[in-house]
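Heads up, the thing below is written out as structure tokens.
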Amino acid sequence: MSLLAASRLSSPLRTALCAALLSGAADAASGPSPLVKAEQLQGRAETLAQQGQWVPLRVPATVPAGLRTGGDGWVWTTLRNGGTGKLLLGPASRLRVTGGRAELQEGRFLLLGPLSLTALGQPITLDAGAQARADLGVGGLKRVAVLAGGARVTVAGKATRLGAGQAIALGTGQVSAFREEEAPWYAPRLTGSGRASVQATRGPVYLTAGGTRTVARVGAPLLPGTRLSTGAGAWAEVGLLGGGYLRLQENSELAASAGPQAGTTTLSLLRGQVWNVLRSGSGPPALVSSGLRGSTFVVGVTGLRKTFGVFGAGTGNGSAAGNTSLDAQVQTPLVLRLDPVSSPTQRLTLGVTTQPGAAVSALVRGQVLTLAPVAGQPGRFQLAGAVLPEGEAQVEVRADWRGQRRTRRVTVVVDRTPPTLTGLRAEREGRLLRLRGTLRDLGTAQARAGRLTLTVQLGPQTQTRRVAVGPDGVAEIDFPFPAPPDDTPVRITARDEAGNEAYAVLP
């Protein structure tokens with residue numbers, strides 16, 4: 001309520017309101033203990049002990065005199081002074097506690113009301129639910145900017161009421177319009193291993209890349225530089241390869257970028273709210289809201305887990321749950337069954353059984369091959385006749401589904417070279433025709449043993465023999481057959497296990 005609105009109240013009501021305000025001020029002066037409590041720490045930070053020494057911060061801990069962060073430090077604190085608010089200290093920031101009040105001295109701060117403190121000696125009061133940032137000496141700035149709700153800032157004895165989108169210079173008291181830069185330092189961030197992709201949508205959901213906006217399709221990857229946004233009444237499910245998924249709520253937007261480590265993806269909340277699904281034992285997934293600025297989440301192999309910035313995780317309710325079927329599915333382990341693979345083979349053929357809707361691929365010598373779903377057979381995928389270079393190949397089959405990944409590996413020999421027949425001769429020995437010669441086969445040698453099928457056609461008669469080939473791929477043949485009539489041609493076919501054939505005709 002503004003001061004102008006308060007002046008229009010009736011006398012009894014105005015008297016009661018003033019009494020309540022004075023009572024709140026008295027509570028602020030007394031300062032319930034602890035006044036400042038460090039709740040969560042990321043990186044390096046130190047607290048000032050009563051003896052005047054800086055010691056490493058261990059959370060949770062009461063801050064008796066001062067607090068400072070290193071260049072990689074972040075500290076979430078609660079402040080009690082007539083109300084309970086939250087304060088996030090960014091990297092290389094410092095505050096002190098004196099005279100029953102927290103004073104911001106240097107660095108970057110995110111303030112969440114209700115709270116009352118000072119910045120460079122100037123009093124600041126935030127309404128309940130209000131959010132503001134303080135930039136003290138960063139880039140030469142000394143200002144307080146309101147992000148949401150309302151605040152009162154006093155500079156040189158003059159109190160100024162600020163609303164969202166307004167900033168005040170702490171040196172001059174000048175008020176100016178304020179607009180947040182994209183992905184500010186305290187923006188909620190979620191980091192996961194591998195890639196992120198759209199898993200489900202409802203309503204208007206869009207992907208923006210290179211200035212072009214398209215409708216977000218299920219399965220679309222969130223590559224670095226892309227944005228995912230939702231309209232009114234819409235939501236989008238985003239799955240992360242390393243495990244877990246999140247829900248981008250209506251009128252919200254995420255930006256994707258490369259993560260801090262190789263093979264990771266970072267998602268930053270630019271506006272709106274995102275719900276993060278956490279595994280909660282055998283029960284349903286819990287939901288944590290990261291609409292709170294400054295929240296950081298990390299994805300582990302067991303799902304998306306909160307690591308910094310949100311105090312407590314509540315379970316989902318009907319208003320927050322956007323896809324209850326996905327909640328159930330994310331609890332189901334991914335299965336991946338690979339059909340027996342023929343080797344040696346002329347072309348790679350794969351058959352896979354996994355969850356319907358999974359993304360199934362094969363990695364062979366750095367080449368990624370996509371397996372297509374089989375029509376009318378949910379959960380069945382196949383790769384038919386992929387042409388690969390000849391030789392031995394390691395094949396890794398992958399299935400990605402709802403943030404889970406399973407792999408299977410198999411070794412195959414690709415062979416498109418037919419056997420060779422050398423030194424063949426057919427010699428009559430009485431009523432027998434003896435066939436002698438040498439068979440060689442490269443693919444059988446790479447398979448480190450195997451058999452060739454030798455088919456001998458003697459006029460209308462056909463005889464078949466199986467020829468064992470050793471590790472060197474060579475076999476000497478010496479087979480007797482019933483002698484056909486004179487001048488009957490002898491046709492010989494050698495077929496290897498990959499299906500390659502060689503022919504020879506003897507007079």
Side-chain angles (χ1 to χ4, degrees), residues 337-352 361-369 371-372 374 381-397 408-429 432-484 488-507:
R337 293 192 293 271
L338 181 63
D339 296 349
V341 178
S342 177
S343 179
T345 182
Q346 294 182 9
R347 293 175 175 82
L348 178 62
T349 300
L350 298 172
V352 166
S361 61
L363 179 65
V364 188
R365 295 173 179 165
Q367 180 182 5
V368 178
L369 307 173
L371 278 69
V374 179
F381 297 81
Q382 67 178 9
L383 176 69
V387 179
L388 299 176
E390 288 191 274
E392 186 176 277
Q394 304 294 324
V395 180
E396 180 181 275
V397 180
R408 297 290 183 268
R409 293 177 176 85
V410 66
T411 301
V412 299
V413 172
V414 179
D415 175 22
R416 287 187 295 276
T417 302
T420 60
L421 299 162
T422 59
L424 287 179
R425 57 192 184 276
E427 301 172 345
R428 287 182 176 271
E429 297 179 355
L432 296 177
L433 180 70
R434 188 166 293 276
L435 181 65
R436 295 184 175 92
T438 302
L439 291 179
R440 288 182 174 86
D441 185 63
L442 175 63
T444 306
Q446 289 179 325
R448 296 174 179 80
R451 290 181 179 272
L452 297 176
T453 300
L454 189 69
T455 302
V456 180
Q457 186 174 354
L458 304 169
Q461 301 297 321
T462 300
Q463 300 283 337
T464 301
R465 299 287 189 272
R466 294 283 285 172
V467 181
V469 179
D472 59 355
V474 177
E476 298 294 334
I477 62 173
D478 185 354
F479 293 120
F481 298 98
T488 300
V490 179
R491 180 182 175 89
I492 304 166
T493 303
R495 178 186 178 93
D496 64 19
E497 292 184 321
N500 303 296
E501 293 183 345
Y503 308 94
V505 177
L506 298 178

[X] to [Y] - nearest heavy-atom pair and separation:
X	Y	result
Glu497	Arg451	CG-O, 3.2 Å
Leu452	Pro419	CD2-CG, 4.3 Å
Gly437	Glu476	O-OE1, 3.2 Å
Gly385	Thr349	N-OG1, 3.4 Å
Ala468	Ala475	O-CB, 3.5 Å
Leu432	Ala483	C-CB, 3.8 Å

Check whether [X] reaches the backbone of [Y] with its side chain - one donor and one acceptor, N or O, closer than 3.5 Å.
X	Y	value
Glu427	Leu435	no
Gln463	Phe481	no
Thr345	Val414	no
Arg416	Leu388	yes
Arg425	Leu506	no
Asn500	Asp415	yes

Please assess Thr462 against Gln457 for the test side-chain hydrogen bond (donor to acceptor under 3.5 Å, both in side chains), listing each intermediate value before the final yes or no.
CA-CA 4 Å; Thr462 300; Gln457 186 174 354; 4.9 Å; no

Quick one: do Phe479 and Val467 satisfy side chain to side chain contact (heavy atoms under 4.5 Å, CB included)? Show the steps, please.
CA-CA 10 Å; Phe479 293 120; Val467 181; 3.9 Å; yes

Taking side chain as C-beta onward, heavy atoms only, is [X] less than 4.5 Å from [Y]?
X	Y	answer
Val352	Arg337	no
Pro480	Leu433	no
Thr411	Glu392	yes
Val474	Leu439	no
Leu371	Leu350	yes
Arg365	Pro389	yes

For atom CZ of Arg465, decide whether the heavy atoms of other residues, nucleotides or ligands shown that lie under 6.0 angstrom number more than 12.
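Count over threshold, so yes.
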
Hits for salt bridge (charged side-chain N to carboxylate O under 4.0 Å, His left out) against Glu429, two or more places apart or cross-chain, chain-then-number order -> Arg434, Arg436

Reported [atom1]-to-[atom2] distance for the pair [X] and [Y], which is rounded to 0.5 angstrom:
X	Y	atom1	atom2	value
Leu369	Leu363	CG	CG	8.5 Å
Leu424	Thr438	CG	OG1	8.0 Å
Thr417	Asp441	OG1	CG	8.0 Å

Sequence neighbours excluded and cut-off under 3.5 Å, please list the side-chain donor-acceptor pairs for residues 488-495, or say none.
unit_1: Thr488; atom_1: OG1; unit_2: Pro485; atom_2: O; d: 2.7
unit_1: Arg495; atom_1: NH1; unit_2: Glu501; atom_2: OE2; d: 2.8

